[in-house]
Amino acid sequence: IPESGHKYYLQFSTEDYRTGEDAGNCLATVLYPKKKSPPVVSIKCSYTKDKKEIQEESNRLYQRIRHQTKPITGNNIPDSYGNIEPALEPVWALAVAGSSSIMWEKSTETLGYFLAQVKAVKQWIRNDDFVEFDYTVLLHEIPTQEIISCHMRLTWLPGHPLKVKHFCASESHGLDEGSGAESGSAAGASAGKGANF
């Protein structure tokens, strides 16, 4: 699109990241603006699970986190053999969801990212119903093969968008600006710039 950038039309299938089961099909448009800014994404998906089933899974995940007797902490998830302790599966699931908003913001037409590992995670105890975690995540940058370290603060309550604040650092890129208050969900993501935390 002259003066705007490149627009892509995509049709793809999705799968449950845990079980590998078919999760539905999506149609999307992605506009990569000429100026350096996140891609503009419009997406519509048809899910194989109904909303009630998805909501129940979210609630089960939330209850596993809330019923811990002490704050959750962990390192190197998955470990060097690709294993994740069952007790740490909920924090891995949240890391996958939260880091996707970072990857969306950092991606360009020529750079993409994958969550490689959670180096460290620590739960914060709150006085309300939300759960909150501090993460250090490692993102694998494609095609450079560089590993990017990002600090991520994630806040979540089922039925509410996931809130993610982050900043990332790498040797070649220096300290990236990071985000203000971001929220994202499987249904979409929106970004707002603000002060780092």
Sequence-distant partners of [X], side-chain hydrogen bond (donor to acceptor under 3.5 Å, both in side chains), two or more places apart:
X      : value
Ser46  : none
Thr144 : Glu141
Glu57  : Lys49
Gln145 : His140

Who pairs with Asp129 by salt bridge (charged side-chain N to carboxylate O under 4.0 Å, His left out), at least two apart in sequence or on another chain?
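Testing Asp129 for salt bridge (charged side-chain N to carboxylate O under 4.0 Å, His left out), a comparison that skips the adjacent residues, returns Arg66.
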
My understanding is that only residues two or more places apart in sequence, or in another chain, count here; which of them pass salt bridge (charged side-chain N to carboxylate O under 4.0 Å, His left out) with Lys119?
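Counting only residues at least two positions away or on another chain, Lys119 forms no salt bridge (charged side-chain N to carboxylate O under 4.0 Å, His left out).
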
What pairs with [X] under side-chain contact (heavy atoms from CB on, under 4.5 Å), at least two apart in sequence or on another chain?
X      : answer
Glu15  : none
Lys51  : none
Thr155 : Arg126, Phe130, Glu132, Lys163
Leu31  : Ile1, Lys7, Val40

Among pairs that include at least one residue of residues 89-132, which meet disulfide bond (SG atoms under 2.5 Å apart), considering only residues two or more places apart or in two chains?
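Listed once each, the pairs would be none.
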
Looking at [Y], is its backbone amide N or carbonyl O close enough to the side chain of [X] to form a donor-acceptor pair, meaning the two atoms are under 3.5 Å apart?
X      : Y     : value
Gln123 : Ile72 : yes
Thr48  : Asp22 : yes
Asn76  : Asp79 : no

Would you give me the side-chain donor-acceptor pairs under 3.5 Å for residues 81-100, sequence neighbours excluded?
{"from": "Ser99", "atom 1": "OG", "to": "Ala95", "atom 2": "O", "distance (Å)": "2.7"}
{"from": "Ser99", "atom 1": "OG", "to": "Val96", "atom 2": "O", "distance (Å)": "3.3"}
{"from": "Ser100", "atom 1": "OG", "to": "Ala97", "atom 2": "O", "distance (Å)": "2.5"}

Between NZ on residue Lys106 and SG on residue Cys150, distance to nearest 0.5 Å:
5.5 Å

Whether the Glu53 and Tyr47 side chains hold a donor-acceptor pair (N or O, under 3.5 Å, no angle test) is what I'd like checked.
no

